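Below is one structure, written out as structure tokens; comments come after it.
Just so you know, ligand 1 is whichever comes first in the structure, and atom 1 is the first atom listed for that ligand. Small disclaimer: the values here were computed from a predicted structure and weren't measured. Computed from heavy atoms alone, side chains included, the values below leave out hydrogens, waters and symmetry copies.
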Amino acid sequence: MKIEADTNVCIGAGMCALTVPEVFDQSEEDGTVVLLQPVPPAELEEGARRAVTLCPSGALKAV
Ligand code: SF4
């Protein structure tokens, strides 16, 4: 599983970074998402999928 993030769509709500801080961070400049681990290890996959569904802007995809 791989995570894709569209920073043009991200509104910097931070749900992803709160949900799985090992996988998602936020830019210090504008708060948009920074992918720390685009391919999360197995133990973080469930949380990463949850973050995708929680993202209010639809900026995240699990492919
Ligand atoms: S939850 Fe979505 S909108 Fe919020 S920072 Fe993460 S990717 Fe951006």
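- Residues Pro38 and Ile3 have side chains not in contact (no heavy-atom distance under 4.5 Å, counting atoms from C-beta outward).
- Around atom 2 (Fe) of ligand 1, protein N, O or S atoms at less than 2.8 Å comprise Cys55 SG.
- The structure places CD of Gln37 at 11.5 Å from CD of Glu45, a figure rounded to the nearest 0.5 Å.
- Proximity of a side-chain donor or acceptor of Glu4 to a complementary backbone N or O of Val63 within less than 3.5 Å is not detected.
- Around CD of Glu43, the count of heavy atoms belonging to other residues, nucleotides or ligands within 6.0 Å exceeds 12.
- When side chains are defined from C-beta on, Leu44 counts as touching Val23, because their heavy atoms get closer than 4.5 Å.
- Rounded to the nearest 0.5 Å, atoms CG (Leu18) and CZ (Phe24) are 11.5 Å apart.
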